[in-house]
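Notes to accompany the following structure.
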Amino acid sequence: MTRGRTERATAAGTGAATAARPPSAGGLRWTYHAPAGRALSAAVGVAALATGARLGGRRSKLLWTTAVLPDIALLYGITAAPDFERLPPYAVRPYNVLHSPAIPATLLAFAAATRNRPPAVAGLGWLAHIAVDRAFGYGPRRPDGLRY
């Protein structure tokens with residue numbers, strides 16, 4: 001880093017400690033690093049799964065498929081993963097996209113607009129997966145494949 005960049009980063013309060021934080025959309029993100037954030041994520045996950053089961057049925061193939069679907073990115077990169085904690089760089093973007101709350105939010109918005117149950121069940125299953133991951137401390141991956 002050049003001297004000018006370092007000074008600007010320090011002056012702006014964005015030194016090395018904040019550089020390791022996960023990217024956020026407009027400054028909003030789940031604070032899954034804190035116990036309260038993990039508890040909130042767990043509550044969201046349980047509520048989403050319960051609501052999805054109520055709407056689609058406890059044995060809904062759509063609910064359970066979307067509840068595990070985001071981890072397909074892990075399968076995509078597992079054979080080339082250098083160790084258990086790190087994804088290979090080519091699997092990071094698919095992992096982060098599939099674990100983005102924007103996907104279930106889009107499905108839920110579409111379901112609300114069309115009053116259609118299957119997209120709501122899919123969105124709730126997907127949201128449950130992401131929330132439970134956050135409750136266990138799994139968030140977005142850095143470009144090098146490690147967790148933030």
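As the structure is a computational prediction, the values presented were derived from the model and not from experiment.
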Checklist entry - Is the ring centre of Y32 less than 6.0 Å from the ring centre of F136? => result no
Checklist outcome for this item: Value for CG (L74) from OH (Y138), rounded to nearest 0.5 Å, stands at 9.5 Å
Checklist entry - Where do G77 and A91 come nearest, in terms of heavy atoms and distance? => result CA-CB, 3.8 Å
Item to check | Over 12 foreign heavy atoms within 6.0 Å of CD1, I78 | outcome: no
Checklist entry - Do the non-hydrogen side-chain atoms of L124 and L49 ever get within less than 4.5 Å of each other? => result no
Next on the checklist: Using side-chain heavy atoms (C-beta onward) and a distance below 4.5 Å, is P118 in contact with L62?
Outcome noted: yes
Checklist entry - To the nearest 0.5 Å, what is the distance between CG (L63) and CZ (R54)? => result 12.5 Å
Checklist entry - Can you name the nearest heavy-atom pair linking A111 to A120, along with the distance? => result CB-N, 3.3 Å
Item to check | Contacts of H99 that satisfy ring pair (Phe, Tyr, Trp, His ring centres under 6.0 Å) - sequence neighbours left out | outcome: Y95, H129
Next on the checklist: Looking at every heavy atom in both G45 and A128, which two are closest together, and how far apart are they?
Outcome noted: O-CB, 3.6 Å
Next on the checklist: Tell me whether L98 shares a hydrophobic cluster with I130, the cluster being built from Ile, Leu, Val, Met, Phe, Trp, Tyr side chains joined at under 4.5 Å.
Outcome noted: yes
Checklist entry - If Ile, Leu, Val, Met, Phe, Trp and Tyr residues are connected whenever their side-chain heavy atoms lie under 4.5 Å apart, and connections chain through other members, are V97 and I72 in the same group? => result yes
Checklist entry - Do you know which two heavy atoms are closest between D71 and D133, and how far apart they sit? => result OD1-OD2, 4.2 Å
Item to check | For N116 against P119, the heavy-atom pair lying closest together | outcome: O-CD, 3.4 Å
Checklist entry - Judged by atom type as modelled, is there a donor-acceptor pair below 3.5 Å linking the side chain of W126 to the main-chain atoms of S100? => result no
Item to check | Shortest non-hydrogen separation from L55 to R117 and the atoms involved | outcome: O-NH1, 3.2 Å
Checklist entry - Quick check: does any side chain N or O of N96 sit under 3.5 Å from a backbone N or O of P140, one acting as donor and the other as acceptor? => result no
Item to check | Which residues share a side chain to side chain donor-acceptor pair (under 3.5 Å) with R147, sequence neighbours left out | outcome: E85
Next on the checklist: Is there a side-chain contact between R86 and D144 in this structure, where contact means two heavy atoms from C-beta onward sitting under 4.5 Å apart?
Outcome noted: yes
Next on the checklist: Using 0.5 Å steps for rounding, measure from the CG atom of L108 to the CD1 atom of I103.
Outcome noted: 12.0 Å
Checklist entry - Side-chain contact, heavy-atom cut-off 4.5 Å: P101 with R134? => result yes
